**Student:** 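Before anything else, here's the structure in question.
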Protein chains: 2
Amino acid sequence: MSEQTCPGSIERLVEILEGKWTLLLLRHLFNGVTRFGVLRRMLHPISPKTLTDRLRLLEERGIVTRTIYSEVPLHVEYQLTERGRRLEPLFVAMGEWVRSEDSGPENELISTSLSS
Amino acid sequence: MSEQTCPGSIERLVEILEGKWTLLLLRHLFNGVTRFGVLRRMLHPISPKTLTDRLRLLEERGIVTRTIYSEVPLHVEYQLTERGRRLEPLFVAMGEWVRSEDSGPENELISTSLSS
DNA sequence: CGGAATCCAAAGGGATACTG
DNA sequence: CAGTATCCCTTTGGATTCCG
């Protein structure tokens, strides 16, 4: 793909994070949400196909695992793998960026406000 | 897009980071690359249209500024704004993730009950 | 409940040629 | 050099319906 002048390969990371809903989806996974239906409701206008696509992709990339509980009301859980959990600092940084936006570039006042 | 479910709004961040080349492009900007032609060469197979589109989008979002030097060999520089520079921790985190991939994929006694 | 299967619209990118 | 202008195609994502 792109060049190789850089160490490791941010390209692999890009492959993981790409996609319209991926960042939002991961954020919910980090918040402990594990079930398909719940994720779907939280990402609201997302279509089931898209959500499935994203989850499968993350599964292939080793970011989440899928566990099926064949109980009567069928139920499935998605959990972050070790590799996925190592992405957390990234989301922390994102949260901090958002907070820094809220406080405003030239604003000195404390504006605590909203949590993520 | 998604919407109101969360405060602060990581959505705005998503709007900035989305797009096939955005992360790679920003990385080069953080590395001090400022000129169109150089960026183009570094992102190699990218088309001029795509690169322009991305840069314009980042400009609209207040992440980069565009400065035209109407000297004879026309030349333009793109620089990160204050808002853009505040994204740096994110890229640092990305770099660390990549490094963690390189160093320790072996200490994963993973499990991953994948079945796809 | 958690998808799979279709079908489809549209946005996003790419290739190329040309210009201020 | 740093784009613009086109044209076109591939990929994504969405709506819907049905299945285990």
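Note on naming: letters A, B, ... go to the chains in the order of the sequence lines (proteins, then strands), and numbering restarts at 1 for each one. Bear in mind that the values here come from a model prediction, so they are computed numbers and not experimental data. Quick note: numbers below take in every heavy atom, side chains included, and nothing from hydrogens, waters or symmetry partners.
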**Student:** I want to confirm an ordering. Mapping A:K49 and A:L55 to their closest nucleotides on DNA chain C, which one lands closer to the 5' end?
**Tutor:**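 Going by which nucleotide is closer to the 5' end, it is A:L55.
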**Student:** Respond yes when some side-chain nitrogen or oxygen of A:T50 is under 4.0 Å from OP1 or OP2 of D:dG14, and no when none is.
**Tutor:**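 Checking D:dG14 against A:T50, a side-chain N or O does come within under 4.0 Å of OP1 or OP2.
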**Student:** Going by the angle between their ring planes, with limits at 30° and 60°, are B:Y69 and B:H75 parallel, tilted or perpendicular?
**Tutor:**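 Parallel, since the angle between the ring planes stays under 30°.
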**Student:** C:dG12 C1' sits how many Å from B:W21 CH2, rounded?
**Tutor:**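 B:W21 atom CH2 is separated from C:dG12 atom C1' by 13 Å.
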**Student:** Which comes earlier along DNA chain D counting from the 5' end, the contact point of A:L74 or that of B:H75, where each point is its nearest nucleotide?
**Tutor:**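 Closest to the 5' end, via its nearest nucleotide, is B:H75.
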**Student:** Considering the options B:I63, B:V76, B:T50, B:L25, which one meets the side-chain contact (heavy atoms from CB on, under 4.5 Å) requirement together with B:L55?
**Tutor:**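 Looking at B:I63, B:V76, B:T50, B:L25, the match for B:L55 under the side-chain contact (heavy atoms from CB on, under 4.5 Å) is B:L25.
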**Student:** Return the set of residues passing salt bridge (Lys or Arg N to Asp or Glu O under 4.0 Å) with B:R35 (not counting sequence neighbours), or none when no residue passes.
**Tutor:**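 Salt bridge (Lys or Arg N to Asp or Glu O under 4.0 Å) check on B:R35 returns nothing, list empty.
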**Student:** Are a donor atom and an acceptor atom from the side chains of A:S100 and A:S103 found within less than 3.5 Å of each other?
**Tutor:**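 No, because no side-chain N or O of A:S100 sits under 3.5 Å from a partner of the opposite role on A:S103.
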**Student:** So, are B:E101 and A:R86 salt-bridged, with charged N and O less than 4.0 Å apart?
**Tutor:**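 Yes.
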**Student:** Select from A:P48 and B:I46 the residue whose nearest nucleotide in DNA chain C is closer to the 5' end of that strand.
**Tutor:**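 Taking each residue's closest nucleotide, the earlier one in sequence belongs to A:P48.
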**Student:** In whole angstrom, what separates B:H44's NE2 from C:dG13's C1'?
**Tutor:**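 Distance check: B:H44 NE2 to C:dG13 C1' gives 15 Å.
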**Student:** Tell me whether the side-chain N/O atoms of B:K20 come closer than 4.0 Å to OP1 or OP2 in C:dG14.
**Tutor:**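 B:K20 to C:dG14 OP1/OP2: side-chain N or O found under 4.0 Å.
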**Student:** Starting at atom CZ of A:R41, determine the distance to atom P of C:dG3, rounded to an integer number of angstrom.
**Tutor:**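 It is 14 Å, rounded to the nearest whole Å.
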**Student:** Using OP1 and OP2 only, check whether a side-chain N or O of B:R35 sits under 4.0 Å from D:dC1.
**Tutor:**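 Looking at the OP1 and OP2 atoms of D:dC1, neither is under 4.0 Å from any side-chain N or O of B:R35.
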**Student:** Students often get this wrong, so: under 4.0 angstrom with heavy atoms, is A:P73 touching a base, only sugar-phosphate, or nothing?
**Tutor:**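 No contact at all - A:P73 keeps every heavy atom at 4.0 Å or more from the nucleic acid.
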**Student:** Output the rounded distance in Å from CG (B:D53) to C1' (D:dT4).
**Tutor:**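 Computing the B:D53:CG to D:dT4:C1' distance gives 11 Å.
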**Student:** Whole angstrom is fine here: how far is it from CG in B:L51 over to C1' in D:dT4?
**Tutor:**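 Answer to the nearest Å: 13 Å.
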**Student:** Taking CG from A:L43 and P from C:dG3, how many angstroms apart are they, rounded to a whole number?
**Tutor:**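 In whole Å, C:dG3 P and A:L43 CG are 14 Å from each other.
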**Student:** Just grab all the salt bridge (charged side-chain N to carboxylate O under 4.0 Å, His left out) pairs involving residues 60-77 of chain B, residues at least two apart or on different chains.
**Tutor:**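 Counting only pairs at least two positions apart or across chains, the salt bridge (charged side-chain N to carboxylate O under 4.0 Å, His left out) contacts touching residues 60-77 of chain B are B:E15-B:R61.
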**Student:** Find the distance A:R56:CZ to D:dG13:P and express it as a whole number of Å.
**Tutor:**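 The answer, rounded to whole Å, is 16 Å.
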**Student:** If an axis is fit to five pairs at each end of the helix from C:dC1-D:dG20 to C:dG20-D:dC1, what is the angle between the two, to the nearest 10°?
**Tutor:**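 If I round to tens, the end axes sit 60° apart.
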**Student:** According to a strict under-4.0 Å criterion, is B:Y78 in side-chain N/O contact with OP1 or OP2 of D:dC1?
**Tutor:**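 Checking B:Y78 against D:dC1: no side-chain N or O falls below 4.0 Å of OP1 or OP2.
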**Student:** Take A:E88 and A:V92 through the test side-chain contact (heavy atoms from CB on, under 4.5 Å) and record every step on the way to the result.
**Tutor:** CA-CA 6 Å; A:E88 187 156 22; A:V92 171; 4.1 Å; yes
**Student:** CZ of A:R40 versus C1' of D:dA15: gap in Å, rounded?
**Tutor:**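 About 11 Å, once rounded to whole Å.
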**Student:** D:dA2 phosphate, OP1 or OP2: any side-chain N/O from B:R66 under 4.0 angstrom?
**Tutor:**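 Checking B:R66 against D:dA2: no side-chain N or O falls below 4.0 Å of OP1 or OP2.
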